[in-house]
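Remember, it's a predicted structure, so these values are computed and weren't measured experimentally.
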Amino acid sequence: AIKALEGRPLVRVDAVVDDALWSDIAVPKLGPPPAGEALSSTVARKYVDEATSTGRFADAVASAVDDGHGGAILVVRLSPRKIVESVHVLLHEAPFTREEIAREADLTEGGEIVAKDIPRLKEKVRVLLTRRGFPASNVAVGTSPGHDRSHVVVNVDLVVGLPRLIDKKVFFYTRGKGEDFSALTETYSVREKDRADEASMTAANAQLETKLRSAGFHRAIVSSDLVTVGSLVVLRIRMDPGPKIAARFEGNEHYDASAL
């Protein structure tokens with residue numbers, strides 16, 4: 001929009017705060033533009049820099065509108081930011097740590113939080129809970145005043161809901177038969193009726209892969225996924241053991257001490 005009106009007399013500069021989350025954000029006064037100042041990207045950048053120099057805004061986007069009289073109005077839209085004084089996480093006995101949730105939400109003491117990013121932070125935590133077996137979770141992220149106007153306390157409230165449980169577990173093999181590997185698959189650490197926790201399944205796959213390789217299947221790969229069959233949640237474990245490799249000497253079959 002600036003390019004389309006470039007060169008027109010700049011009659012006014014309006015600063016607009018994009019998000020009303022924090023009522024104590026003061027809208028900076030920009031301008032008035034000096035007589036004869038024309039709209040350009042350089043002029044727009046000057047007012048953007050002026051607005052963001054306060055430190056209260058994470059970024060700014062400039063646009064322009066026709067004033068209806070041959071001039072242009074520059075509009076600078078501002079995204080307010082605050083410094084995170086502390087992070088409070090209410091788990092309500094959910095099987096997570098406060099540090100894990102804060103890390104997933106990119107929240108650290110002394111870091112910044114931008115008002116427009118809060119929906120994205122909530123979604124990141126919700127996706128984590130879904131991966132960990134709580135698809136019906138609810139996440140609330142809010143703030144309360146800190147020790148001064150530039151700081152806030154961030155509050156994260158989790159209601160995880162009912163867990164998604166594994167109803168059935170099925171192994172698939174790219175070679176061999178189930179009975180060939182039953183001694184190993186019986187040790188698979190994720191059981192039926194366990195929570196469908198992606199982290200637990202990844203760890204179980206790695207453990208089974210290690211056991212297969214120790215048994216001579218040095219190229220073994222184990223992967224898994226969850227599918228819904230009717231009302232059942234089915235964990236499918238795919239085992240690609242590859243060839244079984246055994247060391248064998250050719251030529252002499254016996255070496256005595258003197259030969260070694």
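Around the CZ atom of Arg8, the shell of radius 6.0 Å holds more than 12 heavy atoms that belong to other residues, nucleotides or ligands. Within 6.0 Å of CD on Glu93 lie no more than 12 heavy atoms contributed by other residues, nucleotides or ligands. Within a 6.0 Å radius of CG in Leu162, no more than 12 heavy atoms belonging to other residues, nucleotides or ligands are found. Remark: Arg219 CZ is loosely packed, at most 12 non-hydrogen atoms of other residues, nucleotides or ligands lying under 6.0 Å away.
For Glu209 and Arg213, the salt-bridge test passes: some basic side-chain N is under 4.0 Å from an acidic carboxylate O. The pair Asp106-Lys124 meets the salt-bridge criterion, since a charged nitrogen lies less than 4.0 angstrom from a carboxylate oxygen. Using a cut-off of 4.0 Å between Lys/Arg side-chain N and Asp/Glu carboxylate O, Glu123 and Arg126 are scored as salt-bridged. Taking the charged nitrogens against the carboxylate oxygens, Arg81 and Asp117 have no contact shorter than 4.0 Å, which rules out a salt bridge. Looking at Lys46 and Glu37, a side-chain N of the basic residue comes within less than 4.0 Å of a carboxylate O on the acidic one, giving a salt bridge. Taking 4.0 Å as the cut-off between side-chain N and carboxylate O, Arg45 and Glu50 do not count as a salt-bridged pair.
Between Arg77 atom CZ and Asp18 atom CG the span is 4.5 Å, to the nearest 0.5 Å.
The salt bridge (charged side-chain N to carboxylate O under 4.0 Å, His left out) with Arg132 is formed by just one residue from the set Glu104, Glu198, Glu100; it is Glu100.
Using a 4.5 Å cut-off between side-chain heavy atoms of Ile, Leu, Val, Met, Phe, Trp and Tyr, with links allowed through other members, Val152 and Val125 fall into the same hydrophobic cluster. Hydrophobic clustering keeps Val114 apart from Val154 (ILVMFWY residues linked when any side-chain heavy atoms are closer than 4.5 Å, directly or through intermediates). Clustering ILVMFWY residues whenever any of their side-chain heavy atoms sit less than 4.5 angstrom apart, transitively, puts Val11 in a cluster other than the one holding Ile2. Val170 and Ile166 are not part of a single hydrophobic cluster, where members link through side-chain heavy atoms under 4.5 Å apart. A single hydrophobic cluster is seen to contain both Tyr173 and Leu208, as judged by linkage of ILVMFWY side chains at heavy-atom distances under 4.5 Å, directly or through other members.
Considering only heavy atoms from C-beta on, Val234 stays 4.5 Å or farther from Asp167 through its side chain. Thr174 is not listed as a side-chain neighbour of Ile221, based on a closest heavy-atom distance of 4.5 Å or more. For the pair Arg175/Pro243, a side-chain contact is recorded, criterion being any heavy-atom separation below 4.5 Å from C-beta on. Side-chain contact between Thr108 and Val84 is absent, with no heavy atoms from C-beta onward closer than 4.5 Å. A 4.5 Å side-chain heavy-atom check between Leu74 and Asp14 finds every atom pair outside the cut-off. Looking only at side-chain heavy atoms (C-beta outward), Phe96 and Val89 stay at 4.5 Å or farther from each other. Looking at heavy atoms from C-beta onward, Thr185 lies in side-chain contact with Met239 at the 4.5 angstrom threshold.
A side-chain donor from one of Thr228 and Arg164 sits under 3.5 Å from a side-chain acceptor of the other. Between the side chains of Asn205 and Tyr188, at least one donor-acceptor pair of N or O atoms lies under 3.5 Å. Checking His88 against Asp157 by side-chain atom types alone, no donor-acceptor pair falls below 3.5 Å.
Judged by distance alone, the side chain of Arg149 and the main-chain N or O of Asp24 form a donor-acceptor pair under 3.5 Å. Panel note: side chain Arg236, backbone Lys169; no donor-acceptor pair is recorded below 3.5 Å.
Of all non-hydrogen atoms in Glu85 and Glu109, the two that sit nearest each other are O-CG, 3.7 Å. Among all heavy-atom pairs drawn from Val153 and Pro145, the shortest one is CG2-O, 4.1 Å. The two atoms that bring Arg195 and Pro95 nearest to each other are NH2-CG, 3.7 Å, heavy atoms only. In terms of heavy atoms, Pro33 sits closest to Leu10 at CG-O, 3.2 Å. What you find for Pro80 and Phe57 is that their closest heavy atoms are CA-CD2, 3.7 Å. Considering all non-hydrogen atoms of both residues, Ala62 and Ala44 come closest at CB-CB, 4.2 Å.
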Start with the C-alpha distance between Leu121 and Ile113, add both sets of side-chain angles, then the distance that settles side chain to side chain contact (heavy atoms under 4.5 Å, CB included), and finish with yes or no.
-> CA-CA 10 Å; Leu121 304 185; Ile113 183 169; 4.3 Å; yes
Stepwise side-chain hydrogen bond (donor to acceptor under 3.5 Å, both in side chains) check, Lys82 with Thr143 | CA-CA 10 Å; Lys82 295 273 190 175; Thr143 64; over 6 Å; no
Are Leu165 and Val233 close enough, and set up right, to give a side chain to side chain contact (heavy atoms under 4.5 Å, CB included), and what steps lead you there?
-> CA-CA 7 Å; Leu165 302 180; Val233 176; over 6 Å; no
Residue pair Ser224, Leu235: steps toward the side chain to side chain contact (heavy atoms under 4.5 Å, CB included) verdict | CA-CA 7 Å; Ser224 63; Leu235 171 59; 3.9 Å; yes
Applying side chain to side chain contact (heavy atoms under 4.5 Å, CB included), run through Lys122 and Ile118 and close with a yes or a no.
-> CA-CA 6 Å; Lys122 290 169 58 176; Ile118 287 180; 4.1 Å; yes
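Using a 30° and 60° split on the angle between ring planes, His151 and His147 fall in the tilted class, from 30° to 60°.
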